[in-house]
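Below: one structure, written as structure tokens.
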Amino acid sequence: MALWGGRFVTETDELMRCFGDSIGFDRRMYAADVRASVAYAAALARAGLITIEERDQLVAGLEQVRAEFDAGTFQIEPGDEDIHTAVERRLGELVGPVAGKLHTGRSRNDQVTTDLRLYLLDEMASLREALIELQRAIVEKAEAHLDVVMPGYTHLQQAQPLLFSHWLMSFFWKFQRDGERLAGVARRTRVCPLGSGALAGHPLGIDRQALAAELGFATVSENSVDAVSDRDYAVEFLAWAALVQVHLSCLAEELIVWASREFGFVQVDEAYSTGSSLMPQKKNPDSLELIRGKSGRMVGHLVGLLTTLKGLPSAYDKDLQEDKEALFDAIDTLKMELPIAAGVIRTLKVNTARMAAALDDAILATDLADYLVRKGVPFRQSHHLVGQAVRRAEELGVSLKELSLADYQEIHPSFAEDVYAVFDFRRSVEARDTEGGTAPAAVRAQIERARQISESANQQTTKSSPAENIKMG
Ligand code: ARG
């Protein structure tokens with residue numbers, strides 16, 4: 001019989017039962033559910049609501065339930081509508097009637113959101129590690145290719161020369177912000193709703209602060225009505241995941257374009273590519289295409305949960321059960337994508353010659369304008385003058401470098417023989433040597449800072465227990 005069966009005479013419609021069940025997806029929270037129940041049993045004992053012996057019986061039974069799940073031997077029975085029901089049912093079989101005391105003052109409404117917070121905190125810690133691994137792959141690749149110059153693009157049109165490493169490191173910082181944001185989400189997730197009951201609070205005087213501390217929460221929720229309905233942390237997590245996803249998809253898109261024959265800047269390793277069943281020559285960057293393609297579901301999860309939450313009446317509504325699949329899928333997706341992205345980066349072949357060959361003199365037009373600026377011409381004017389030089393070169397069908405000095409001087413008398421020294425891609429890159437610029441020295445300093453940041457973050461993530469270790473930031 002269902003936990004709530006007392007007042008019912010008619011059986012639940014079979015289809016309705018399947019419709020309402022969440023055990024199919026929420027069973028993955030079993031460890032969190034057991035953990036929260038163990039702490040709750042201790043809190044009940046501290047409040048004198050059960051004896052120490054009863055507490056020990058409950059805890060031993062709960063440990064047994066956890067062991068069965070760990071071993072894969074736990075049998076889901078008909079009527080186990082969700083993980084909370086399943087654990088309680090099995091506990092009853094193992095320890096007898098005392099199991100019925102565990103739910104004293106507790107509702108699945110405060111239980112489910114406690115479990116979900118605990119579960120998420122653990123997953124956040126492993127996602128943080130995966131993110132750091134990706135950042136490490138980026139730093140190592142950038143360091144190994146410090147002397148590679150390539151065209152930098154805006155609007156996907158050649159803009160200014162860049163170091164390949166500088167381009168790659170641009171993603172390090174996006175993922176760095178993602179890591180910091182995750183720490184913020186974790187901080188707001190570390191609030192304990194247990195002890196809120198169904199919606200009105202706990203009637204039997206348990207010590208919520210001690211309960212929260214035992215579970216690794218930083219604090220307790222302030223309002224029981226809010227506590228059972230609050231899924232802000234889930235929304236924030238999905239927003240975080242969607243943004244990581246957007247960053248991953250941008251990285252993927254650029255590499256896909258660059259792996260094409262037309263660009264040939266990079267080669268995706270065979271370990272991360274697949275072939276075609278029809279065209280024997282094909283080597284497709286499926287890894288990156290899938291990463292790009294996952295954007296649909298990841299953004300969808302965020303919009304989906306927000307839509308579920310919109311306009312809900314206070315406290316718990318069954319609609320809230322819809323929070324989990326989105327979260328679980330976002331977690332599963334990122335847990336695949338992050339290491340795959342790291343693998344693609346680590347094994348990526350960088351074709352220096354193709355990058356060099358793609359550099360067009362016109363990409364140095366800004367440097368030419370800067371040249372005039374150094375001769376005292378105001379930038380707005382020099383920009384215009386170089387524009388004239390570009391047009392003149394186009395008319396003559398030559399590159400900027402091939403334009404004669406006479407042609408240059410006709411445009412402006414400040415042009416001199418030394419103008420030809422401008423046509424050096426490396427020199428252009430080296431000139432951008434202020435902090436955050438693409439000069440090798442600046443990129444080296446950037447990589448050094450990145451290393452320090454990821455090393456210290458990594459120390460923090462491995463130092464303490466999973467739910468704790470996301471505290472940084
Ligand atoms: N399976 C439910 C969920 O995921 C647990 C809470 C059920 N609470 C209730 N009052 N029916 O939201």
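Whatever order the structure lists them in is the order used to number ligands and atoms, beginning at 1.
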Between Arg108 and Tyr316, is there a side-chain donor-acceptor contact under 3.5 Å, judged purely by atom types and distance? no
Between ligand 1 and the protein, find all N/O pairs closer than 3.5 Å and give the distance for each.
residue: ligand 1; atom: 1 (N); partner: Ser22; partner atom: OG; Å: 3.0
residue: ligand 1; atom: 1 (N); partner: Asp82; partner atom: OD2; Å: 3.0
residue: ligand 1; atom: 1 (N); partner: Gln321; partner atom: OE1; Å: 2.8
residue: ligand 1; atom: 4 (O); partner: Lys324; partner atom: NZ; Å: 2.5
residue: ligand 1; atom: 8 (N); partner: Asn109; partner atom: OD1; Å: 3.1
residue: ligand 1; atom: 10 (N); partner: Asn109; partner atom: OD1; Å: 3.0
residue: ligand 1; atom: 12 (O); partner: Tyr316; partner atom: OH; Å: 2.4

Just by modelled atom types, is the Asp110 backbone N or O under 3.5 Å from a matching donor or acceptor in the Thr113 side chain? no
Looking at Tyr233, is Arg117 sitting on its ring face, NZ or CZ under 6.0 Å from the six-membered ring centre and within 45 degrees of the normal? yes
Does any N or O in the side chain of Trp240 come within less than 3.5 Å of the main-chain N or O of Asp178, such that one atom is a donor and the other an acceptor? yes
For Phe172 against Gln135, the heavy-atom pair lying closest together: O-NE2, 3.3 Å
Measure the CZ-CG distance between Arg188 and Asp232 for me, rounded to the nearest 0.5 Å. 9.5 Å
